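The chain is numbered in sequence order, starting from 1. Nothing here was measured: the structure is a model prediction, and the numbers come from that model.
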Amino acid sequence: MKVLMSSNEKKAKPNRLLRLCRELVCFYRAHALLYIALCLCALLAHGGLFFSGHFYNDENYLLRFPGDPYNWLTIGRYSLVLFKRLFGTLLYNPSAEAAFFFLLLPLALLTWGFLLEKGSALPHGAALFVSLLLILVFPAFTEQYYFRFQAFPFACGMLCTALSLLCAFEGLADAAPYGRRGEAAAVLLFSVLFALLAFGVYQSFVNLYLTGLLGVFLLRRARGLQRALSADDATVSGSPTNETEPSDSLTGDAEVSGSDDAAARGRFFPVPLISFAKHCALFLFSFLLYMLLVRLFFSGSDYLTSQLPWGNVSVTDILRALFSYFLHMLLARSVFYPATFILVC
């Protein structure tokens, strides 16, 4: 009887990848108004940049050599060319580029919102909206938008980075509550593919991937500690709860009731470290695979190596440059880093 029950339970459990897709689509539908608000905010923040006759970086070359991929392939940005070919924007078409950008960027932000909300113990709603607005006007991204004909693929890269992290957390979650362990391989494969697409748009998405990974783990840690404290409070008050919340595949930690808080406390500390090591190994595999693809098929320039100061200049100069950057940001010395941005952060 137990064998029959366990087999029926396995059949009832949905596929990991399909479940993640359904959750993401449901999140999109539930936050349709947030998507519209983000579209309006994107137009307010960046509309003047795209719907104008101003001359921008790389525009001269694209006008002189229509349809040419510029130097993007030789510097390892194969996904940038791929997305522009798929959407027909490799030719000079600023209107189509702007339309795609303002439709896709809010969707990418909403996907990041799903990633943050799933791993967060913080209040949602207004807090989520403000967090996404900070990403929308983040100075490093805003500077990138001045390369107007790279902006739409850049939004594609933001979306691919979030999807890669979602698949990574889903695929590396504990297998027991979520069905067969073999299903994780397909999800992790999609994580690697999305990472390769993101890194191939712009190399700074490596930084975004690592930042997102660390941020979700910190939120996960906060949520775990919050639930441990809630279990302690319930035990001290003499009214432990018997309800057990469903497991969250994004965090990889099974939820526990108040009577199991001792076991939970043991999981909050060692498990995140082991899980984080697995995520780092997955990232290294994706990054090394990207570097291999670039070296074999696309590399023809020293652009990337010339951007790395480590090993080329002294450590003192590097630390001085980092200090200057943070001082520049904190003192709001440019239009990209106003004092209001620092206060909101």
Side-chain angles (χ1 to χ4, degrees), residues 10-11 13-28 76 78-79 82-83 108 111-120 156-203 205-221 223-224 246-255 267 270-297:
K10 285 186 178 181
K11 291 180 181 179
K13 290 176 181 177
N15 180 275
R16 286 190 180 197
L17 188 60
L18 293 178
R19 184 184 60 251
L20 180 62
C21 292
R22 284 200 295 265
E23 290 179 358
L24 185 58
V25 171
C26 289
F27 182 84
Y28 288 155
Y78 52 84
S79 297
L82 173 65
F83 287 127
T111 308
W112 276 96
F114 176 73
L115 176 66
L116 296 175
E117 190 175 83
K118 289 276 287 184
S120 176
C156 294
M158 291 182 64
L159 177 62
C160 288
T161 305
L163 292 175
S164 177
L165 286 170
L166 282 171
C167 291
F169 278 100
E170 180 70 32
L172 293 176
D174 291 338
Y178 311 118
R180 295 182 299 274
R181 194 177 284 271
E183 295 176 358
V187 184
L188 293 178
L189 177 61
F190 274 94
S191 176
V192 174
L193 290 176
F194 282 126
L196 291 176
L197 287 174
F199 301 161
V201 171
Y202 202 72
Q203 287 77 14
F205 285 118
V206 172
N207 301 335
L208 184 62
Y209 184 104
L210 293 175
T211 303
L213 175 62
L214 182 60
V216 172
F217 264 97
L218 291 176
L219 292 172
R220 165 190 175 178
R221 175 68 172 172
R223 184 171 69 171
S247 297
D248 186 349
S249 59
L250 179 62
T251 63
D253 290 332
E255 304 302 333
R267 296 197 56 161
V271 172
L273 295 178
I274 298 173
S275 181
F276 189 75
K278 292 179 180 178
H279 279 278
C280 290
L282 180 64
F283 161 75
L284 286 175
F285 175 78
S286 302
F287 180 71
L288 291 176
L289 185 57
Y290 162 75
M291 295 296 292
L292 180 63
L293 289 175
V294 171
R295 183 175 294 273
L296 291 177
F297 302 106

Tell me the closest heavy-atom pair linking Ala184 and Gly171, and the distance in Å.
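Answer, listing the atom of Ala184 first, then Gly171: CB-O, 3.2 Å.
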
Might you work through the side chain to side chain contact (heavy atoms under 4.5 Å, CB included) test for Leu193 and Leu197, ending with a clear yes or no?
CA-CA 6 Å; Leu193 290 176; Leu197 287 174; 5.7 Å; no

Before you tell me yes or no, could you show the steps for Leu282 and Ser191 under side chain to side chain contact (heavy atoms under 4.5 Å, CB included), namely the whole-Å CA-CA distance, both residues' side-chain angles and the distance that decides it to 0.1 Å?
CA-CA 9 Å; Leu282 180 64; Ser191 176; 3.7 Å; yes

Is there side-chain contact between [X] and [Y], with heavy atoms separated by less than 4.5 Å?
| X | Y | result |
| --- | --- | --- |
| Cys167 | Leu188 | no |
| Leu165 | Val216 | no |
| Cys160 | Tyr209 | no |

Rounded to the nearest 0.5 Å, what's the gap from [atom1] on [X] to [atom2] on [Y]? Could you check?
| X | Y | atom1 | atom2 | result |
| --- | --- | --- | --- | --- |
| Arg22 | Leu17 | CZ | CG | 10.0 Å |
| Gln203 | Leu208 | CD | CG | 13.5 Å |
| Leu159 | Ser164 | CG | OG | 11.0 Å |
| Leu24 | Leu163 | CG | CG | 6.5 Å |

Do Thr161 side-chain atoms and Gly157 backbone N/O form a donor-acceptor pair below 3.5 Å?
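Checking the backbone N and O of Gly157 against the side chain of Thr161, a donor-acceptor pair under 3.5 Å is found.
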
With a 3.5 Å distance limit and no angle check, can you tell me whether Trp112 reaches the backbone of Met158 through a side-chain donor-acceptor pair?
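Judged by distance alone, yes, a pair lies under 3.5 Å.
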
For [X] and [Y], take the angle between the two ring planes, folded into 0 to 90°, and tell me which bin it lands in: parallel under 30, tilted 30 to 60, perpendicular over 60.
| X | Y | answer |
| --- | --- | --- |
| Tyr290 | Tyr78 | tilted |
| Phe217 | Phe169 | tilted |
| Phe205 | Tyr202 | perpendicular |

Can a donor-acceptor pair be found between the side chains of Tyr28 and Thr111 at a distance below 3.5 Å?
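Looking only at side-chain atoms, Thr111 and Tyr28 do form a donor-acceptor pair, the distance falling under 3.5 Å.
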
In sequence, state the C-alpha distance, the side-chain angles, and the governing distance for Leu20 and Phe114, and then conclude on side chain to side chain contact (heavy atoms under 4.5 Å, CB included).
CA-CA 11 Å; Leu20 180 62; Phe114 176 73; 4.2 Å; yes

Please check if atom CZ in Phe27 has more than 12 non-hydrogen atoms from other residues, nucleotides or ligands closer than 6.0 Å.
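Atom CZ in Phe27 is packed in, count exceeds 12.
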
